[in-house]
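Just the heavy atoms: all of them, side chains too, but no hydrogens, waters or symmetry mates, feed the values below. Quick note on labels: first sequence line is chain A, next is B, and so on, each numbered from 1. This one's a predicted model, so the numbers in the text were calculated from it and none came from an experiment.
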Amino acid sequence: MIRDDLRRILEEAVAQAQASGDLPEIASPDVMVERPSSGSHGDYASPVALKLARAARMSPMAIAGAITAKLEPPPWVAAVDVAPPGFLNFYIAPHWLAQQVEAILAAGSDFARVDVGGGRPVQVEFVSANPTGPLHVGNGRGAALGDSLARVLDKAGYQVQREYYVNDAGSQMEMFNASVYARYAQHLGAAEELPAGGYPGEYVSDIAAAIAETNGRRFLEMDPSDAKVALGRLGVEMLLDQIREDLALMDVHYDRWFREQSLYDNRKVDQALQMLSEGGHVVEREGAVWFASASLGDERDNVLVRSNGLPTYFASDVAYHYDKFIERGFDTVIDVLGADHQGHVPRMKAVVGALGVESHRLVMLIYQLVNLVRQGRPVAMGKRSGEFVTLREVLGEVGPDAARFFLVGRSPDAMMEFDLDLAKAQSDVNPVYYVQYAHARMAGILRHAEGTDFRDGDPTLLSDPSELTLIRKMLELPEIVADAALALEPHPLPHYAQELATEFHTFYDRCRVIGDDPDLTKARLKLVAACQVALATTLDLIGVGAPDQM
RNA sequence: GCCCCCGUAGCUCAGUGGACAGAGCAUCGGACUUCUAAUCCGUUGGUCGGCGGUUCGAAUCCGCCCGGGGGUGCCA
């Protein structure tokens, strides 16, 4: 990565200047190298001299001069400027820049692979919506965010595992069981009311009807409480199949679907509570069992076992995270959660600490909720309210690629307003099509040049400003990947994809690829092929398709 | 009340304490006999919610206020 190489070179120069006495021996801050916003400030720039000014008691310009005097720039750096008030500006040699086309082509699908993770095992758990109803757009945001993050981490050298936690136990499940039972009985003509607090959604009736089709009346002839459990299980499996299909539409696939119920079946919940108890983190009060999180930084204690003897969701989550960290040995665990779960964060951080795991190894990544809007009016959401627009409907309306591009591209911290009519109306001017069109154009050119062997093309013939600008943009991708992996934020990728597409379209407009000059044609074909690698790589990280024609 | 997130162009949003704050859409004006015009070039558009503070330097960090969203002792 160019940026890291420059950083090392600068650090070395600072050390040299200090050794020779040109700079005082002060603790130097992290040397920053960035891409200047203005093209007139070089390809890369560092404000390190400005940072050092105060501690060194020298003017930034003098420091910059002292650093450049010791700087040993590699051949690919064409020039280093000092610009007031003290910036160091680096200019990359165009000749070297052009040669990088070969490097990108050679890397192929490994382009932009960087080693941030060092092979450490990381788990990304995301979506994990209760299997008591279909997915909605908010779940779609979690899916897009979690999956793209997993793709980025994989690219950045982590060993990534994607997991969906299936909440198939607990009180919500009992309510779901009873709801399916009621609809099932109603479907077969029995007088059975949906219980108070039950799931009123029409899909429950659909599930019940489907079960009645294949199983007949046999669940009415069983003990009702057994029947509820049995029907609920069938219903959960049907919904999980739907959820799997919805996620597959978005090209989201998991390594493991982890059942909450398994933690009860294997007595892992009991063991986890026992462990917390032995650590002195459990208190009994008002007939309930509490996790003493108030003494570990949380605002208050949290209930593990209700006064009615039933464990809470929190209790099984303790066991779940014990399993993640201790039994499966993940170095870092990332839980992607909607903002409505933010109250879960402090107590889970406290729990992993109580289990002897450094709490920074658990990252609770919170994304703000999605407000679905139709014709300027908010659409009511929530499985328990019964009426909502499903993720599948949204994917059908705006398309999976547009939805993912949109969902990945927003900062998780920013609230999102998803206007269905707007999304539909803008579908043909959606940035995702602009980007995909760039890829299709590249493929079209290469298709047109079939039969032309350009393996011996010489990229150093590329000298048009639009060509060099395009190459610079391509070489930015490894930096974007590294930053996204470190910050756990994939949202710069769609932004970058658009910039890359823009530079390509500009190049296309300025430069005829297949022309009269056979050498230049070959060089440009190489550029197009390399650019296709860069763009396809980017689109893959976002999780949208890279079409060869549109 | 307390805790978390947000407030940047008409709209949707980018913007690791650095150089004159950016992109897309929308507006307006140009460019196709071409490897795809789903494109390109130009134009209009800003008290970065407000007021203080820290700093050589603040959209970015801190405090207070205003506005929006979420959470808040036995739901998940």
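Taking CZ of A:Phe418 as the start and CG of A:Leu369 as the end, the distance is 15.0 Å to the nearest 0.5 Å. The distance from atom CD1 of A:Ile2 to atom CZ of A:Phe90, rounded to the nearest 0.5 Å, is 12.5 Å.
Contact check, A:His448 against B:rU34: no side-chain N or O comes under 4.0 Å of OP1 or OP2. At B:rC6, none of the side-chain N or O atoms of A:Ser411 fall inside 4.0 Å of OP1 or OP2 (strictly under the cut-off). Taking only side-chain nitrogens and oxygens, A:Arg306 comes nearer than 4.0 Å to OP1 or OP2 of B:rA76.
Comparing B:rC74, B:rA38, B:rG69 by their closest approach to the side chain of A:Thr312 singles out B:rC74. Distance from the side chain of A:Ala414 is smallest to B:rA14 among B:rA14, B:rA19, B:rC75. Counting only heavy atoms from C-beta on, A:Met32 has its side chain closest to B:rU16 among B:rU16, B:rC74, B:rA76. Side-chain proximity of A:His341 to B:rA19, B:rA76, B:rC35: nearest is B:rA76. Checked against B:rG15, B:rC41, B:rA38, the side chain of A:His491 finds its nearest nucleotide in B:rG15. Nearest nucleotide to the side chain of A:Arg300, out of B:rG73, B:rA14, B:rC35: B:rG73. Side-chain proximity of A:Asp509 to the nucleotides B:rC13, B:rA38, B:rC40 is greatest for B:rC40. With distances taken from any side-chain atom of A:Lys51 to the nucleotides B:rG57, B:rG70, B:rC74, the minimum falls on B:rG57. For A:Gln368, the side-chain atoms get nearest to B:rC5 when compared with the rest of B:rU16, B:rC5, B:rC41. Closest to the side chain of A:Val303, from the set B:rC20, B:rG73, B:rG18, is B:rG73.
In terms of position on RNA chain B, the residue among A:Gly444 and A:Tyr313 whose nearest nucleotide sits closer to the 5' end is A:Gly444. Where A:Arg441 and A:Ser46 meet RNA chain B, the nucleotide closest to each residue was compared, and A:Ser46 sits on the side nearer the 5' end.
Base contact: A:Asp340 has a heavy atom under 4.0 Å from a base atom. Residue A:Glu286 is in base contact, counting any heavy-atom pair closer than 4.0 Å across all strands shown.
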* Between A:Phe258 and A:Tyr164, does a ring-ring contact (aromatic ring centres under 6.0 Å, His included) hold up when you go through it step by step? -> CA-CA 6 Å; A:Phe258 191 103; A:Tyr164 190 116; over 10 Å; no

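Classified by its glycosidic torsion, B:rC65 falls in the anti category, the angle being over 90° from 0.
Remark: the separation of the C1' atoms in B:rA19 and B:rG10 is 29 Å, to the nearest Å. Nucleotides B:rU27 and B:rC20 are separated by 25 Å at their C1' atoms, to the nearest Å. When the C1' atom is used for both B:rC48 and B:rU34, the distance is 44 Å, rounded to whole Å.
Defined by atom type and a distance below 3.5 Å, a donor-acceptor pair is missing between the side-chain atoms of A:His344 and A:Asp335.
An aromatic stacking contact between A:His495 and the base of B:rA23 is absent, as defined here by ring centres under 5.5 Å apart and ring planes under 30° from parallel. Judged by centroid separation below 5.5 Å and plane tilt below 30°, A:Trp290 does not stack onto the base of B:rG73.
The partner of B:rG22 is B:rC13, judged by Watson-Crick or G-U wobble contacts that both fall below 3.5 Å. Pairing for B:rU27 is absent, judged as Watson-Crick or G-U wobble with the two contacts each under 3.5 Å. Across every strand in view, B:rG63 sits in a pair with B:rC51 that passes the Watson-Crick or G-U test at under 3.5 angstrom.
Around the CZ atom of A:Arg233, the shell of radius 6.0 Å holds no more than 12 heavy atoms that belong to other residues, nucleotides or ligands.
Residue pairs that meet the salt bridge (charged side-chain N to carboxylate O under 4.0 Å, His left out) test with at least one member in residues 517-527 of chain A, sequence neighbours left out, are A:Glu102-A:Lys526, A:Asp456-A:Lys522, A:Glu467-A:Arg524.
Side-chain atoms of A:Asn89 come within donor-acceptor range of the base of B:rA19, with a qualifying N/O pair under 3.5 Å. One can find a donor-acceptor pair under 3.5 Å joining the base of B:rG70 and the side-chain atoms of A:Gln342.
Atom P of nucleotide B:rG24 and atom CG of A:Leu493 are separated by 19 Å, given to the nearest angstrom.
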